[in-house]
Number of protein chains: 2
Amino acid sequence: MSVAERRAELRETLIAAAEARIARDGLAGLRARDLAADAGCAVGTIYTLFDDLSALVLAVNARTFQAIGQTVTAAVAAEPDPARQLIVMGHAYARFAAENPAQWQAVFDVALKTGAEAPAWYAEAVSGLFDIIAAPLTQLRTDLGPGEIRLLSRALFAAVHGMVRLSQEDRISAVPTPAIPEAIELLIGSAVRAPKASVDRKPS
Amino acid sequence: MSVAERRAELRETLIAAAEARIARDGLAGLRARDLAADAGCAVGTIYTLFDDLSALVLAVNARTFQAIGQTVTAAVAAEPDPARQLIVMGHAYARFAAENPAQWQAVFDVALKTGAEAPAWYAEAVSGLFDIIAAPLTQLRTDLGPGEIRLLSRALFAAVHGMVRLSQEDRISAVPTPAIPEAIELLIGSAVRAPKASVDRKPS
DNA sequence: CCCTCCCCTTGAACGCTGTTCAGCGCATAG
DNA sequence: CTATGCGCTGAACAGCGTTCAAGGGGAGGG
């Protein structure tokens, strides 16, 4: 086996070890020395494969993102009704977060180097998610223009995301975890209905 | 001045110094040695007044919470219309977060000792906020029972909170910061309309 | 007023981080 | 097979939160 192959394999081993440790102990429980022991290499070797531990966590997060995308995509594909599509997407997202809390939190808790832009695939992956949300929303909210649809898609994602995130942090459990599915139904159900008469707009 | 008074004063000095440093450098930029230098005491003295740095941050957070409560309460008091009350509360919350990003984030980023429950006042402060939300919502959503009102109140708070939080983390800016007011109008505006009575009160 | 005792303050030291780098050993090319 | 260069090594470094033995200063009794 060539050196390059061994390096690539070790890289994968480290990502897997980091994922396992994050899943078990959370992002805060990740230590370089533990990872080196898990992967059977020296601490210094980690830094020949990744710029720093954050870069390694980002590699784990890329996998997590992919898994979220698959879960949500599968959920929406199995549901024909547009309104239900939005709701099952929310459920799928919340379920993933509930089943993989540590990996899910790592995606949002990893410290990015100050001033460094988030990796491009972060924005791209979420952008794809927004498109999936926008499609059924366009059918349902014919009263809204494309810009408003785009905005509401992102607002709905952020809303579900916020409920799930607050429920996992134990400090302010706005919506208790078992009530999240019902809250998703309530919130998305309300947002989905197309009102002809927009209530009051902000007085400009 | 008695020893007890000097201690109480130093305690306040430390909280103020921590608040200033959080506001300037963020929670991650808080160092025990810097705080000691700011307050003119030794590092060890901090630990005679607080269990650890997290406890000091919690004291800062208590002030932040109080300020948020005042901002939101003032906003709702100035607005008679229930639907607009909900929206201006959202705006007030988002504005506070935009104007005091570091303090606001510290409330949600501070690490709680593992297994330790969040301080009681966390839940109580937010509970009061939920009651303020529930009042106008009860008037508007007559189709919902008390349990659903309670749930929707919390869901709406979490939704606005999630939008603001995602917009401040630079990784997934679901709703760009300048668009947050509009997103709040869209989301709350949708949730506020009672489906049965989605009648347009046509002004003759 | 002074003395004594006790508690509070002090800051060096400890243990634990992420990260580095000089030197070593091994794979690779000739 | 040998020489060379590159990747691996792990002790060392800087910096963090937190501790604690030792010293000093305030409060109360003589």
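The model shown is predicted, which means the values in this text are computed figures rather than measured ones. Just the heavy atoms: all of them, side chains too, but no hydrogens, waters or symmetry mates, feed the values below. Naming: A, B, ... by sequence-line order, numbering from 1 per chain.
Under the salt bridge (Lys or Arg N to Asp or Glu O under 4.0 Å) criterion, A:E185 pairs with A:R84, sequence neighbours left out. Every residue was checked against the ring-ring contact (aromatic ring centres under 6.0 Å, His included) condition with B:Y47, not counting sequence neighbours, and none meets it. Residues meeting the salt bridge (Lys or Arg N to Asp or Glu O under 4.0 Å) test with A:E182, sequence neighbours left out: none. Residues forming a side-chain hydrogen bond (donor to acceptor under 3.5 Å, both in side chains) with A:Q103 (at least two apart in sequence, or on another chain): none. Evaluation of the side-chain hydrogen bond (donor to acceptor under 3.5 Å, both in side chains) rule for A:Q139 yields no partner, not counting sequence neighbours.
For residues 123-134 of chain A, no residue pair satisfies the side chain to side chain donor-acceptor pair (under 3.5 Å) rule, not counting sequence neighbours. Pairs engaging residues 154-180 of chain A under the ring pair (Phe, Tyr, Trp, His ring centres under 6.0 Å) rule: A:Y93-A:F157, A:W104-A:H161, A:F108-A:H161, A:F130-A:F157, A:F157-A:H161 [sequence neighbours left out]. Sequence neighbours left out, the pairs with a member in residues 32-44 of chain B that pass side chain to side chain donor-acceptor pair (under 3.5 Å) are B:R21-B:D38. Among residue pairs with one or both ends in residues 15-36 of chain A, none qualify as ring pair (Phe, Tyr, Trp, His ring centres under 6.0 Å); sequence neighbours excluded.
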Inset, instruction - Run the numbers on B:D52 and B:K113 for salt bridge (Lys or Arg N to Asp or Glu O under 4.0 Å), then give the verdict. - result: CA-CA 10 Å; B:D52 51 27; B:K113 273 223 156 55; 2.4 Å; yes
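Backbone-only engagement by B:L30 is indicated by non-hydrogen atom pairs under 4.0 Å involving sugar-phosphate atoms exclusively. Heavy atoms of A:L35 sit nowhere under 4.0 angstrom from any nucleic acid atom.
For DNA chain C, the outermost nucleotides in 5' to 3' order that have an atom under 4.0 Å from a heavy atom of chain B are C:dC8 to C:dA13.
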Listed pairs, N/O of protein and of nucleotides 18-21 of chain D, under 3.5 Å:
| from | atom 1 | to | atom 2 | distance (Å) |
| --- | --- | --- | --- | --- |
| D:dT18 | OP2 | B:Y47 | OH | 2.8 |
| D:dT18 | OP2 | B:L53 | N | 3.1 |

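Listed in residue order, the members of residues 6-25 of chain A having a heavy atom less than 4.0 Å from DNA chain C come to none.
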